[in-house]
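Proteins get letters first, then strands, A, B, ... in listed order; numbering begins at 1 in each. Side-chain atoms are counted along with the backbone in the values below, which use heavy atoms only and exclude waters and symmetry mates. Note that the coordinates shown come from a computational prediction; the quantities given were computed from them, not determined experimentally.
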Amino acid sequence: MKKAVLEHDTREAARELLGYYLCRETEEGLVTGRIVETEAYLYKNDPACHASRGKTRRNAAMFGPAGTAYVYFIYGNYYCFNVVTGKVGSGEAVLIRAVEPVEGLGLMQKRRGAGCAQKNLASGPGKLCQAFAIDKSLNGHDLSRSPLYLMANSQLPGDLVIKATPRVGVSSGQDKQLRFIIEGNKFLSR
DNA sequence: GTTAAGATCTGCT
DNA sequence: GCAGATCTTAACG
């Protein structure tokens, strides 16, 4: 994980993280996935960002050092997983919205429900957290270490097309192109 | 102490 | 395609 990229610019980081592997170790085994969809949340001029109204108990992890996890609970049922970016205290992060399942498909299926189609295992923020068993105990975790870490992928295909679109599910700041996807990938949330 | 809203998903039509 | 579930968090009194 190149920490310098994460610290430098949140938008750059969101694009850089596409294609990275997300790895999760538990007693049950290892699951990994390739990141195919991200969203940037900025501190400045971004009302959709949790940190836009200052530091609170929930978003404290967002103000930590780049490369740590920010996990929060939403809609009574689901977790969302972010990678903190920017310098300490900047309050920016990248939301991981979807991954392409790579290893541990059986374990993901067990967590998401037997018979769950592969393309539905982690194609959304809430689904991803279920498949990877991510909960608030990982809030603030250092993502360069076990049991949850990021890994650069040196074998990306050369014809990869990265596209920016408006963000999904936010009620404000929709004019901004801060969602990044691997175009044409089958495992996007939409 | 009380209330309204939310970076979503699933099931049913 | 659309409405409901569900509960934590934060703002307000």
Would you kindly give the [atom1]-to-[atom2] distance between [X] and [N], to the nearest whole Å?
| X | N | atom1 | atom2 | value |
| --- | --- | --- | --- | --- |
| A/Arg112 | B/dG11 | CZ | C1' | 14 Å |
| A/Leu188 | B/dC9 | CG | C1' | 17 Å |
| A/Asp135 | C/dT8 | CG | P | 13 Å |
| A/Phe81 | B/dC9 | CZ | P | 15 Å |
| A/Lys136 | C/dT9 | NZ | P | 6 Å |

Nucleic acid contacts - residues 94-101 of chain A versus DNA chain B, non-hydrogen atoms under 4.0 Å
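The answer is A/Leu95, A/Arg97.
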
What residues from residues 115-134 of chain A pass a heavy-atom cutoff of under 4.0 Å to DNA chain B?
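Under 4.0 Å from DNA chain B: A/Gly124, A/Pro125, A/Gly126, A/Lys127.
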
How many angstroms lie between atom [atom1] of [X] and atom [atom2] of [Y], to the nearest 0.5 angstrom?
| X | Y | atom1 | atom2 | answer |
| --- | --- | --- | --- | --- |
| A/Arg97 | A/Leu95 | CZ | CG | 6.0 Å |
| A/Glu39 | A/Glu37 | CD | CD | 6.5 Å |
| A/Phe81 | A/Ile96 | CZ | CD1 | 6.0 Å |
| A/Cys116 | A/Gln109 | SG | CD | 6.5 Å |

Regarding A/Ser146 and A/Glu25, do their side chains bring together a donor and an acceptor under 3.5 Å, going by distance alone?
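Side chains of A/Ser146 and A/Glu25: pair found under 3.5 Å.
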
Checking side-chain polar atoms at under 3.5 Å, does A/His141 have a donor or acceptor matched by the opposite partner on A/Tyr149?
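No, A/Tyr149 and A/His141 have no side-chain donor paired with an acceptor closer than 3.5 Å.
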
CG (A/Asn45) with more than 12 external heavy atoms under 6.0 Å
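12 or below, so no.
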
Examine A/Met108 and A/Tyr20 and state if one hydrophobic cluster contains both, with Ile, Leu, Val, Met, Phe, Trp and Tyr joined whenever side-chain heavy atoms are less than 4.5 Å apart.
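In one cluster with A/Met108: A/Tyr20, yes.
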
A/Tyr72 six-ring face occupied by A/Arg58 cation (under 6.0 Å, within 45°)
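Yes, cation above the ring, under 6.0 Å and within 45°.
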
Is the shortest heavy-atom distance from the side chain of A/Val36 to the side chain of A/Val99 under 4.5 Å?
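No, side chains not in contact.
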
Verify, without hydrogens or angle tests, whether A/Lys87 (side chain) and A/His8 (backbone) share a donor-acceptor contact under 3.5 angstrom.
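Judged by distance alone, no pair lies under 3.5 Å.
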
Sub-4.0 Å heavy-atom contacts from residues 68-78 of chain A onto DNA chain C, ordered by number:
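Those residues are A/Phe73, A/Tyr75, A/Gly76, A/Asn77.
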
Identify whether the distance between the nearest side-chain nitrogen and carboxylate oxygen of A/Asp46 and A/Arg167 falls below 4.0 Å.
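Salt bridge: yes.
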
Output yes when A/Glu100 and A/Lys186 qualify as a salt bridge under the 4.0 Å nitrogen-oxygen rule, no when they do not.
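A salt bridge is absent here (no side-chain N lies under 4.0 Å from a carboxylate O).
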
Below 3.5 Å is the cut-off: list the nitrogen or oxygen pairs between protein and nucleotides 10-13 of chain C, distance only.
unit_1: C/dA10; atom_1: OP1; unit_2: A/Thr56; atom_2: OG1; d: 2.5
unit_1: C/dA10; atom_1: OP1; unit_2: A/Arg58; atom_2: N; d: 3.1

Side-chain N,O (A/Arg190) to OP1/OP2 (B/dA7) below 4.0 Å:
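No, no such contact exists.
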
How close do A/Arg11 and A/Ala40 get, heavy atom to heavy atom, and via which atoms?
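Reported closest heavy-atom pair: CA-CB, 4.4 Å.
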
Among all residues two or more places apart in sequence or in another chain, which pass the ring pair (Phe, Tyr, Trp, His ring centres under 6.0 Å) test with A/Phe73?
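Partners of A/Phe73 by the ring pair (Phe, Tyr, Trp, His ring centres under 6.0 Å) criterion, ordered by chain and then number, come out as A/Tyr79.
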
Can you list every stem that DNA chain C is part of, counting only runs of 3 or more consecutive Watson-Crick or G-U wobble pairs with both distances under 3.5 Å?
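As far as DNA chain C goes, consecutive pairing (with distances under 3.5 Å) yields the stems B:1-6 with C:7-12, B:8-12 with C:1-5.
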
